[in-house]
Every structure is written in C-alpha cells, then in structure tokens.
**Student:** 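For reference, the structure I am asking about is given below.
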Amino acid sequence: MANATTSLPLFEKIPRKNTIQRGFDIIIFFLLLLLLVYRLYFLNHYGFIWILAFLCESWFTFTWVLVISTKWTLVDYNTYPDRLLQRVPEVELPSVDMFVTTADPVLEPPIITVNTVLSLLAVDYPSHKLACYVSDDGCSPLTYYSLVEASKFAKLWVPFCNKYNVQVRAPFRYFSGDDFTKSSGSDTSSNFQQEWKRMKDEYEQLCVKIEDAVQNQNIVPCDLTAFSEIDSKNHPTILKVIWENKEGLLDGLPGLVYLSREKRPNHSHRYKAGAMNVLTRVSGLMTNAPYMLNVDCDMYANNPKIVLYAMCLLLGSNSEKEIAFVQFTQAFYDGLKDDPYGNQLVAVREYMACGFSGLQGFFYGGTGCFHRRKVIYGLQLDNIDSVNEEIPKRVGSSKELMKSVSHALKGKTNSPDHLSNSIDTAYQVASCGYEHGTSWGRQLGWLYGSTTEDILTGLRIHSKGWKSAFLSPNPQGFLGCAPSGGPATMTQQKRWATGLLEVLLSKDCPILATLFAKLHWRQCLAYLWVFTWGLRSIPELCYAFLPAYCIITNSHFLPKVQEQAFYIALVVFVIYHLYTLSEYLRAGLSVRSWWNNQRMARITTMTAWLFGFLSVILKLLRISETVFEVTKKDKSTSSNGTHDVDAGRFTFDESPIFVPGATILMVHLTALVVSLLNLQPPAHNGLGSGLGEVLCSVWLVLCFWPFLKGLFGKGKHGIPLSTICKSAALVLLFLHLCRMTIMG
C-alpha cells in the first residue's frame, strides 16, 4: 500500500474540453476576415476614413488571433499535498524563504503588511524550514515597530492556528465577525471560545498600538536608534533580525527579518526589482533556502497549505527539470459587487491564465509566486545537471555570497546556525553600490529595464526553456486588495501598460526570444497578447473617433444597412458580446459584472493604456523616464459592519489621465446632438452617415457612462473643472478639424 502511494503523482495536468468555444473563436475570426475583405474590395472607392478603419480592424483581427492561440489549449493543475507528506517526512521538506515587499507606509499602511506577515508565519509547514524577510523601501520606523509588535502576537497566534486548524490565518479576516466557529472546524468547546476571545483581544490591542504609533509618530515605544534622522531616499542599510527560531523547533515561530536597503540620491534603486535582488542576496547569506516565495504587502496567505501545494509541483516527477516557478492566482478579498472597476480579473484568470498553462506556462505576476533560487540565479535548463562555475563569479565581490550561490546551484542549503551570524556580510550585499560591475538585474535575479519587472523576469526564464505552473486551489492561495477607485485603478493600469510596452520594445522582446532563444512560438503569441496592451490604445482611440467624425461630416465608415456587409459587422458585434457574456456566466459572474468589465475595457484602453504608451514614447525620445507608481492599498472595512453605498461609483481626480475619456464622451454627445438636430452638411455622392455610426456613438456613450455621471457629480465623484475645460478645448479642436474637412 505504501509503495502504491509513493508511486502516485504529486500533481496532475488536466486539459479542459472547449470544442464549442473553439468553434465560436473561429467563427468570429472568419467574420473579421470577411469584413477586412470587404474593406479591401472597396478601398479605392473611399478616402482616408476607409483606410483608417481598415487598419484598425486589421489590428483587432490580429489581437483576436493572439486570443485564439492563447485560449486554444486550456489546462488546469490539481495537486495532492497529502501524497507529498506521505512521500517526504516533514523534517525533510525543503526550506522556503518568504519575501514581503512594501514601499510606502501611507499608501501601504503597516497594519496591512502585518497581517500578510502573520498569515505567512502561520502557514501549515514546518516552521524551522521557513524564514520571512520584509523589505521596507519606505524605511519607515512605523513599519519596523509594527513588525516587532506583530512578532510578539505571532507567538500566540501561530500556536492557536495550529491547535485549532484555523483556515484563514490573517487575523483581520479571521476576526472580521463574531462567529466562534469561523474557519476553525467544528470545535465550539468552552476552551476554544475562551482562547478565541483572548486571541481577538490580543489582536485588537496590537491594532491599537499600531494605530497609536501612526497617529503619534514621535511616541513609539521601541528602540528606533537606527531610524534617527533618516531620510527615506537617503539612508544606510537597516537590517534587523526581529525573531529567529534558534532551537529549530518544528512547531516554533519562523524567523522574521526586517530590511531597508541602502539608498543614495546618486544611485538608481531600481524600484521593486532592486528590492527583490537585495532580498535574494541577503536571504542567500542567512538561510539560502532552495525555494523563494514573494508577495506584495497586501497579499496575505488565504490557504494554510499553499507551500505544500507549491512543493507538489516543484518536487513532482520531472519538475526539477521543467518547472521554474509556480504562480498562484491573484484574487481579491472584499471585492466590490459586480466588479465596477473591471480590475478583479476573474474571467482573465479563468480562461487566459489556463490557456497559458497549456503552453510553457503562465507569466510571473509579481506576487504569490514560488521560485527556484537557482533559476533566479540564472541557471540554464541545459546546465541543470552540471555545475556552473561562472554564475558565482558574477554575483559580486562577497566571497560568502559566492559560496552561498555555489551551494544553491548544487542544491545545498547550508544555512548558518543563527540568522544573526550573517548580518555583517548581509550589510555589504545590501549596499546600493554592491551591484556595480555584476550581472544583477541583467543576467541574474529580477531584471531591470521595465516597471513590470515581474513579467520581464518570467519572460527571461521562459526564454531559457523553463516552464511554469499556474495554480488556483480552493480556497484561493492568496488574497489581496484590488484598487477601489478610479485614480488608483488608472495608476495601476498605466504602470502595467508602460512596463509591458517597455519590454516589447526592448532586446527582451518575445519575438526575439523565439527566434534566438527557447521561447515557444505559441508562448510568444501569448506574451504578445499581454505586451501589446499599450499599443491597443491607438487603434481603439482612432476607431472610437470615427463614428463621431462621420456623423459630424456626414460621411460613413461602416457599410450601409442596404448592404450585406452591414450584417457582417452586426453579427461580429453580437456574437462577440454574447460569447464573452457566456464566459462570464460560466465563470459564475453576473451580467452586470460582464457589462462593467466591457465598459472598463474601453475606458482603460483609451485612458490609462494611452498614457502608458505616451510614457514609453517619451522615454524612447529621451524626454523623460518612466516612473514606478505605487498603488494605494485600502484596508478592508468588512469588519466594521458598515457598507459604503457609493463604493461602486467611479471616482476622479485632477490627473490628466481622465482627459481622453471625458473628451471621447463629449465628442460623441456633440455628434448625437448634430444628428438629432439634423445639423449635418450635405452628403458627398449621397453616401452620408447612417444607422451604424449612430449606434456606435450611442454604444460609446454607454461605455463612458461613468464619465457622463462625472460631468454632473460633485466631490471625488465629479470630474474636476480643469479636466472638463481641457476636454472641451480638445472637442473644439476636433470640431475645427471636421469643419476643415467639410470645407476642403
């Protein structure tokens, strides 16, 4: 019986049946081709508008080809942690270093970071095999103090979770209600109730201490000598071992280390990628675990068995020579009902992510990901069975780090007896000048050159022939907080579009990786679907202005109702939206959620992605550099029993990112008024605008409905007057161009 158990696989790769979906994909593709053939056939009969429409529709067809290729082979992974524990004794499980990154104590409140750290310290895995490193790029004494206090609470919290098999191990979620049995099995004994109340009181005291420290920053009961007179952008390295499991107890508390790397004004700190590389070097000296988990400060461990799930894939048959990293789903807690900002990405995870899994694997998402340390050190798949002596020579001048890297490549942990023994050497590798003359950020570690360092690093790994795995267990492995306002959502989307386009236009372009490296062809197409987000803004913006232009100038870019080609465009529109609606319904989402995501796709593409595109153009022209913008993290309000009735309403600020959206809305409102009042000039050859153009304008007004409400809203729900004035000026310019066309 034992032999049968050990012979069973630790994971299974299960293909999905999607024959019907493939059929609809092909139908939509052929309809798009028919529309392009119609455009080509009549190209000589019409002018610039027809050519522009043809170019835009060609882009849409190309994008659809990328979607078809990515979604063609959908795959799910099933893991079996019980088999892993039967095959590998707990004391022999591999070590894991866990990285948490935070950069701003205001945008990322310490209590959020604390809950993420507590959830990681309490995962269901031998504690002497774990170490948690927190990188604080904000160099905040509040963050450090919060972690010190959290470590005291963790000594009570971790045993409590283990004793009662608590499933939700982030305290702010576990104590969000008064149900004693919540996430704690069926134990409702008086002892449990007493401990539950005691634990909740302890957590509330922790929250009060942290909140008091935030409100009274000069009154923090903790030794903060290292933080005295510190400038967050100009300071030496601060490294503190807050807790270490010196006895190596199986059920003790994992080690906890605070790190704020050195920063100087004349040194580029490389944003999150730089922080991750410092964490990699410091942890390599202190613990040197063969596997590393990285999470953002708001992404807490929602499933206590996440490490075991990841190990099933990383230790499974042939995985050592295949899977470089395991990416967990980026899911969100307390998401607004029906996803009004279109940023919960449920449908994308359900279909596109599983499509990536059928290829070389899903891209690295920057959080909730387990990595092989030796792959991060740049190990080629071809060299996995041989000792690479060149890599240790490229990691810098530290002999201790060279030795650590060499051991990691050979599969040796060789961690010191105590974390504190490596502090002096760790200070050296955390200095801002250590990477000078090394391969960090170019061939080793997290790569530099993009604000989306995560997907760039994952692309480089795939280009070396490695594969990855995408895992979506039940319950979800990690949960984070999605941006809950217009400005935060737009900031995040702009950063993504900027970074992705930077990669596409760099030497790490997936096309080059396919031609000259080991990136598979269909994996290249899947990456192109992601990397072209910023480029999509141009054809979509041009196509969005065509209906209004045609109405105002009384011309047309769509087939007339009398033509059969009109029904090609109509059928494409109807089938596509019914098809996407069916995907959302099959994923368990509502019709309202589908509509919110459809309109936000239009808004995001023509606003945030447009600014991402412009940022990259300015960088290429050497006018300005791209900047990593931290997204504001909002603390959950689920525990206070209140509900914000305006939570789903779109919010605005004075950022220019909202100008394009307001302009598009006002242009189409103007066009509809012109059509309604019959203010159009005489049509050329009797071929004026028709029903198609009017329906397109109405559709776009519906898509930009939040902006229409914003024109009449107040406060944060209203579009600022400065934005309206800028948009009005652009509308007048557009009308002037239309008038020049009519007169010309």
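Only heavy atoms go into these numbers, but all of them, side chains included; no hydrogens, no water, no symmetry mates. Since we're looking at a predicted model, the values are computed, not measured.
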**Student:** On a heavy-atom basis, which atom in Cys696 and which in Leu558 lie closest, and how many Å separate them?
**Tutor:**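 Looks like SG-CD1, 3.7 Å.
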**Student:** Does atom CH2 of Trp705 have more than 12 heavy-atom neighbours from other groups under 6.0 Å away?
**Tutor:**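 Atom CH2 in Trp705 is not packed in, count stays at 12 or less.
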**Student:** Check the surroundings of atom CZ in Phe60: do more than 12 heavy atoms from other residues, nucleotides or ligands lie under 6.0 Å from it?
**Tutor:** yes
**Student:** Closest heavy-atom contact between Tyr300 and Ala170?
**Tutor:** CD1-CB, 3.5 Å
**Student:** Run the side-chain hydrogen bond (donor to acceptor under 3.5 Å, both in side chains) test on Tyr543 and Glu57 for me, step by step, so that the C-alpha distance in whole Å, both residues' side-chain angles and the decisive distance to 0.1 Å come before the verdict.
**Tutor:** CA-CA 9 Å; Tyr543 211 70; Glu57 288 161 1; 2.5 Å; yes
**Student:** Between Tyr46 and Phe557, is the gap from one ring center to the other below 6.0 Å?
**Tutor:** no
**Student:** What about the rings of Phe172 and Tyr333, do their centers lie closer together than 6.0 Å?
**Tutor:**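 Between Tyr333 and Phe172, which both carry aromatic rings, the centre distance is below 6.0 Å.
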**Student:** If you measure only the distance, is there a donor-acceptor pair under 3.5 Å linking the side chains of Asn596 and Tyr584?
**Tutor:**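 Distance-only check fails for Asn596 and Tyr584.
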**Student:** Kindly check if the number of other-residue, nucleotide or ligand heavy atoms within 6.0 Å of CD1 (Ile20) is above 12?
**Tutor:** no
**Student:** Whether the side chain of Ser119 engages the backbone of Thr116 through a donor-acceptor N/O pair (distance < 3.5 Å, no angle test) should be reported.
**Tutor:**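 Side chain of Ser119 to backbone of Thr116: a pair is present.
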**Student:** Would you say Phe363 and Leu459 make side-chain contact, with heavy atoms under 4.5 Å?
**Tutor:** no
**Student:** Do other residues, nucleotides or ligands put more than 12 heavy atoms under 6.0 Å from Phe566 CZ?
**Tutor:**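 It does: Phe566 CZ has more than 12 such atoms within range.
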**Student:** Which atom pair, heavy atoms only, marks the closest approach of Arg602 to Phe704?
**Tutor:**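 Nearest pair, atom of Arg602 first, then Phe704: O-CZ, 4.1 Å.
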**Student:** Using atom types as modelled and distance alone, determine if a side-chain donor or acceptor of Trp496 lies under 3.5 Å from a backbone N or O of Gly612.
**Tutor:**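 No: the side chain of Trp496 does not pair with the backbone of Gly612.
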**Student:** Please confirm whether the backbone N or O of Leu336 pairs with a side-chain atom of Gln344, one donor and one acceptor, at under 3.5 Å?
**Tutor:** yes
**Student:** Would you check if the side chain of Gln523 reaches a backbone N or O of Leu359 as a donor-acceptor pair within less than 3.5 Å?
**Tutor:**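 Between the backbone of Leu359 and the side chain of Gln523 there is no qualifying donor-acceptor contact (under 3.5 Å).
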**Student:** How far apart are the closest heavy atoms of Arg522 and Ser69, and which atoms are they?
**Tutor:** NH2-O, 2.7 Å
**Student:** Restricting to non-hydrogen atoms, name the atom on Gly342 and the atom on Asn597 that form the minimum distance, rounded to 0.1 Å.
**Tutor:** CA-OD1, 3.6 Å
**Student:** CZ of Arg16: more than 12 outside heavy atoms within 6.0 angstrom?
**Tutor:**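 For Arg16, atom CZ is crowded (more than 12 foreign heavy atoms under 6.0 Å).
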**Student:** Establish, yes or no, whether the cationic atom of Arg536 lies under 6.0 Å from the six-membered ring centre of Trp59 and within 45° of the ring axis.
**Tutor:**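 That pair does not qualify as a cation-pi contact.
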**Student:** Less than 4.5 Å apart, any side-chain heavy atom of Gln680 and any of Val674?
**Tutor:** yes
**Student:** Would you confirm whether Asp104, through its side chain, and Val106, through its main-chain N or O, come within 3.5 Å as a donor-acceptor pair?
**Tutor:** yes
**Student:** Answer with yes or no after comparing the ring centroid distance for Phe650 and Tyr341 against a 6.0 Å cut-off, counting only values under it.
**Tutor:**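 Yes.
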**Student:** Please step through salt bridge (Lys or Arg N to Asp or Glu O under 4.0 Å) for the pair Lys272 and Asp454, ending with a clear verdict.
**Tutor:** CA-CA 9 Å; Lys272 183 179 175 181; Asp454 40 23; 5.2 Å; no
**Student:** Does Val659 offer a backbone N or O that forms a donor-acceptor pair with the side chain of Thr723 under 3.5 Å?
**Tutor:** no
**Student:** Atom CG of Leu665 and atom OG1 of Thr670: how far apart are they, to the nearest 0.5 Å?
**Tutor:**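 Reported to 0.5 Å precision, the distance equals 9.0 Å.
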**Student:** Any side-chain to backbone donor/acceptor pair from Glu502 onto Thr451? Under 3.5 Å, distance only.
**Tutor:** yes
**Student:** Could you go through Trp594 and Leu589, starting from their C-alpha distance and side-chain angles, then the distance that decides it, and tell me whether this counts as side chain to side chain contact (heavy atoms under 4.5 Å, CB included)?
**Tutor:** CA-CA 7 Å; Trp594 165 80; Leu589 302 173; over 6 Å; no
**Student:** So, Tyr527 versus Phe531, ring centres under 6.0 angstrom or not?
**Tutor:** yes
**Student:** May I ask you to decide if Gly366's main-chain N or O and Asn294's side chain share a donor-acceptor pair within less than 3.5 Å?
**Tutor:**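 Here the side-chain-to-backbone pair exists.
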**Student:** Heavy-atom count around Tyr579 OH within 6.0 Å, excluding the residue itself: above 12?
**Tutor:**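 Counting neighbours around OH of Tyr579, more than 12 heavy atoms of other residues, nucleotides or ligands fall under 6.0 Å, so yes.
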**Student:** Okay, side chain of His668, backbone of Ala544: is any donor-acceptor separation there less than 3.5 Å?
**Tutor:** yes
**Student:** Is it true that Phe734 and Phe545 have ring centroids separated by less than 6.0 Å?
**Tutor:**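 That pair passes the under 6.0 Å test.
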**Student:** Hey, does Phe658 have a side-chain heavy atom less than 4.5 Å from the side chain of Asp653?
**Tutor:**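 Yes; the side chains approach each other to less than 4.5 Å.
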**Student:** Minimum heavy-atom separation for Gln330 and Arg349, please, with both atom names.
**Tutor:** O-NH1, 2.9 Å
**Student:** Test Trp609 against every option in Leu541, Ile603, Leu501, Thr604 by the side-chain contact (heavy atoms from CB on, under 4.5 Å) rule and name the one that passes.
**Tutor:**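 It is Thr604; the other options fail the test.
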**Student:** Once ring pair (Phe, Tyr, Trp, His ring centres under 6.0 Å) is applied, do any residues pair with Tyr351, and if so which ones, sequence neighbours excluded?
**Tutor:** none
**Student:** Ignoring hydrogens and angles, tell me if any N or O in the side chain of Ser675 forms a donor-acceptor pair with the backbone of Leu672 under 3.5 Å.
**Tutor:**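 Pair absent, no side-chain N/O of Ser675 close to backbone of Leu672.
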**Student:** Just wondering, are more than 12 heavy atoms of other shown residues or ligands nearer than 6.0 Å to CD in Glu654?
**Tutor:**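 At most 12 heavy atoms, drawn from other residues, nucleotides or ligands, come within 6.0 Å of this atom.
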